[in-house]
There are 2 protein chains.
Amino acid sequence: MSSVPERSEIDEEYTWDLESVYATDDEWQKAYEDVAERVEELQAYEGQVTDDAETLHSVLELRDSVMRDVSTVAAYARMRRDEDTTNQEYQALTARAQSLAADAQSAASFIDPELQELTREEFDGLVETEPALELYDHYVDDVLRMKPHTRSAEVEELLAELGEVTGATGEVYNMLSNADMAFPSVEEPEGEGKGEAVEITQSNFTNLLKRPDREFRQQVYEEYFDEWESMRNTVASAYKNSVKADVKTARARNYDTAREAALDGPNVPVEVYDTLVESVHDNLDKLHHHAELKRQALDVDELQMWDLYMPLTGDEGPDVEYDQAAEYVVDALEPLGEAYQSRVAEGLESRWVDVYENEGKQSGAYSSGTYDTQPFILMNYQDDISSMYTLAHELGHSMHSQLTKDEQPFVYSGSVSYTHL
Amino acid sequence: MSSVPERSEIDEEYTWDLESVYATDDEWQKAYEDVAERVEELQAYEGQVTDDAETLHSVLELRDSVMRDVSTVAAYARMRRDEDTTNQEYQALTARAQSLAADAQSAASFIDPELQELTREEFDGLVETEPALELYDHYVDDVLRMKPHTRSAEVEELLAELGEVTGATGEVYNMLSNADMAFPSVEEPEGEGKGEAVEITQSNFTNLLKRPDREFRQQVYEEYFDEWESMRNTVASAYKNSVKADVKTARARNYDTAREAALDGPNVPVEVYDTLVESVHDNLDKLHHHAELKRQALDVDELQMWDLYMPLTGDEGPDVEYDQAAEYVVDALEPLGEAYQSRVAEGLESRWVDVYENEGKQSGAYSSGTYDTQPFILMNYQDDISSMYTLAHELGHSMHSQLTKDEQPFVYSGSVSYTHL
């Protein structure tokens, strides 16, 4: 643990199988060019979306096929970059894919405003002429619902074009925190490696905060946040501008708040969000009680930030290596039935998961993929129980994506962040 | 020089007189509120700009008065922030002023598209009715010239609203390089302070590269750029996104390139820019000859980056303290006449210049101010000849602004970056 390996030192069986998406970067390049061509075809439909049922069906089908391929082109580049965020080749591929995605959004931006000129009844009439349009029934409901927040075709095109720009400070922040920021080393206080230097990283940080030696924990905590503090103006500026972009974009779409805008896409009433936050606030006493129990268990006068990650039992819990964790998780899924269990096992076998930390790797964990790829998982696995929980959590997302793809056509294959509940 | 003082340690006579702009931050707040109100008044004219000569004159006059005050409100906040870029209060004031400026741009965004509905002849007719419109004659020429690059009122409003967002990564970069990045200390190799630690800063860097000790220079150079290298992904991402924003905005305004867009505002043909660059390229042999002379004078086998700042004479030149430099500069301006000389001396006397480096101060040097403020100068003066040249250079800009303001109404008081030639 004392130093982070290079990407090339990681065993292939513990890396995700991105070759199953594109066997080589050349294949990616071909896919990129192919879809870029179809983006241009799409543009030719401007002004004709609702001419007749057949045209409407053609344009929606073409849009689906473009978006489907763009998402895979973008996901591959992004996941390759996340393997090592300092890799300039994949930074460049990611940038090109982002531009392609913005171009595709922009090229498709006339569709919704044109559709919104239809009434629900007129659409039903078109379905009678072209029954294949039935597929888009719920989609059209959604588009009509968004009419008060959809601007003219020229404004929608501009908003789509500027989509990349409004997300820019998030990307800069990401580069700072994942690719560039480095944290000091601390001295291993105990055990085999006693006295050795341990480099604090984004992914071993919470783990180091589970060590029984309280002074060590405090040192880790302070060194880690001193580093963040030294970047406080940069981070604050990135955050401020990210909020500003959200607010401006929300206003441009006639929303009162960025929160409302964020929730309206997946059709979630603001009240649901507010109720959630309120319920958490109303039940903070449980959290405080838990903190008090932890204080007692750790036998300290005052619970500090560097105590919060300690388990109530006062030790780190047993080590769990990745292979063992995978077995435990599959076993624990027994209540969901054999079909579910074996689908998870199959996924693990076919290298859904990019397991271990390496130099430059994106911190944290996520489940990601597209309609046409496996539902990949990025982790920074740390041989402990908490990492095992993360594996189980991300596998939940991945199975959700997988089962959605099995059951739903592309146009309805999106999922909502409420999955976390 | 070995450590940078706090802002509060700087003698008032060597700071700029921002109290002459607003005596207190409360005064700033009042000015802010006052102009924010007039921004709303401006919006009421939408759709009526060319109704009649009187309305046109009123709206242009109101716009001028709003823009004039907004620029002063923004300049004060920004210059206060630049005194110490880590000061959160002035970061917040700057952010509010930027939002106000974006709101004002957005509120005024309908004016140009509405004016562009006029022909030149129709405008001349309006001038006959309302002779005060004569003032806007050249301005209207400019607006009509921009017609092919002006979008509809709703797109122009959105572009104005998003103006802040498209500049966001520049601001993040600015925070990184001026407020957060710190450079290592090196050991003073000679003279009185021999052996003492000298902190490398953004503003003493080029100065340290003028030291005769070549090994010391190399060390300074490498320590400085190692620090930049450690932030290379963040900086590259900020730059990439800044370029992207320029390109997207240029395209939105029907320009082929960002370069064309940047030059068209001040009505500079792209050929002028290209010819400039070409002329420099065609004459690189002089630069290379100069470098060869420097190599010989320094008596080194190969000229390195850390040799480039060395004067040909091989030493740093005499120390020039600020007061002495100010005298030299005023004396040297004799050929421009006594009126010019005494205006410069008066400006220096009335604290145009914020002279010395302090913790968190914006690096580099600039001349800045508005139609209603003195033409202030920010420096990081280093007691040497090169700083004296910078003082003379910035005073040139400031006198240019001052004389422009003396001679021109607000609407024509802008100046062009070609001033550097």
Side-chain angles (χ1 to χ4, degrees), chain A residues 81 85-88 91-92 94-95 98-99 102 106 151-152 154-182 228-249 251-253 360, chain B residues 81 85-88 91-92 94-95 98-99 102 106 151-152 154-182 228-249 251-253 360:
Chain A
R81 184 206 54 195
T85 56
T86 69
N87 182 311
Q88 294 186 11
Q91 284 180 15
T94 303
Q98 284 168 344
S99 290
S106 163
R151 301 280 300 268
S152 68
E154 66 165 353
V155 170
E156 285 298 322
E157 189 190 343
L158 180 63
L159 283 169
E161 273 292 335
L162 294 179
E164 278 182 277
V165 173
T166 52
T169 56
E171 191 189 305
V172 177
Y173 170 78
N174 199 39
M175 279 295 156
L176 178 69
S177 64
N178 289 301
D180 286 340
M181 271 179 79
W228 277 109
E229 199 190 4
S230 78
M231 287 292 141
R232 66 191 180 282
N233 295 285
T234 308
V235 172
S237 168
Y239 182 62
K240 180 195 83 174
N241 281 293
S242 174
V243 170
K244 203 169 250 182
D246 287 344
V247 171
K248 297 263 176 188
T249 318
R251 278 197 204 142
R253 289 224 157 84
Chain B
R81 183 206 56 193
T85 55
T86 69
N87 182 310
Q88 294 186 10
Q91 283 180 15
T94 303
Q98 283 169 344
S99 290
S106 163
R151 301 280 300 269
S152 68
E154 65 165 354
V155 169
E156 285 298 322
E157 189 190 344
L158 180 63
L159 283 169
E161 273 292 335
L162 293 179
E164 277 182 277
V165 173
T166 52
T169 56
E171 191 189 304
V172 177
Y173 170 78
N174 199 38
M175 280 295 157
L176 178 69
S177 64
N178 289 301
D180 286 340
M181 271 179 79
W228 277 109
E229 199 191 3
S230 78
M231 287 292 140
R232 66 190 180 283
N233 295 285
T234 308
V235 172
S237 168
Y239 182 61
K240 180 195 82 174
N241 281 293
S242 174
V243 170
K244 204 169 251 182
D246 287 345
V247 171
K248 297 263 177 188
T249 319
R251 279 198 204 141
R253 288 224 158 83

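By convention in this document, chain letters (A, B, ...) are assigned in the order of the sequence lines, proteins followed by strands, and residues within each chain are numbered from 1. Hydrogens, waters and symmetry mates are skipped; everything else that's a heavy atom, side chains included, is used.
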(message) Nearest 0.5 Å, please: how far is OG in Ser106(A) from CZ in Arg251(B)?
(response) 9.5 Å
(request) Please report the shortest heavy-atom distance between Thr234(A) and Val172(B), naming the atom on each side. (result) CG2-CG1, 3.7 Å
(request) Below 4.5 Å from any heavy atom of chain B, which atoms of Gln91(A) appear? Answer side chain, backbone, both or neither. (result) side chain
(request) State the CG-CG distance between Leu158(B) and Leu158(A), to the nearest 0.5 angstrom. (result) 5.0 Å
(request) Under 4.5 Å, counting heavy-atom pairs only, tell me which of Thr86(A), Leu159(A), Thr249(A) racks up the most with chain B. (result) Thr86(A)
(message) Test of understanding: with side-chain hydrogen bond (donor to acceptor under 3.5 Å, both in side chains), list the residues that count as partners of Asn174(A), not counting sequence neighbours.
(response) Asn178(A)
(message) I'd like to verify something: which residue of Ala252(A), Gly167(A), Ser99(A), Ser152(A) has the highest number of heavy-atom pairs under 4.5 Å with chain B?
(response) Ser152(A)
(message) Side chains of Leu176(B) and Met231(A), heavy atoms from C-beta outward: is any pair under 4.5 Å?
(response) yes
(message) Taking every non-hydrogen pair under 4.5 Å, which of Met181(B), Lys240(B), Glu157(B) racks up the most with chain A?
(response) Lys240(B)
(request) Locate the shortest heavy-atom distance separating Ala95(A) from Lys244(B); write the atom from each residue and the value. (result) O-NZ, 3.8 Å
(request) Kindly indicate whether the side chain of Asn241(B), heavy atoms from C-beta on, has any atom under 4.5 Å from the side chain of Val165(A). (result) no
(request) Against chain A, label Gln98(B) side chain, backbone, both or neither, depending on which of its atoms sit under 4.5 Å from a heavy atom there. (result) side chain
(message) Under 4.5 Å from any heavy atom of chain A, what part of Thr166(B) do you find: side chain, backbone, both or neither?
(response) both
(message) Can you give me the closest heavy-atom contact between Arg232(A) and Asp180(B), atom names plus distance?
(response) N-OD2, 3.5 Å
(request) For residues Asn233(B) and Thr85(A), determine if any side-chain heavy atom of one lies less than 4.5 Å from a side-chain heavy atom of the other. (result) no
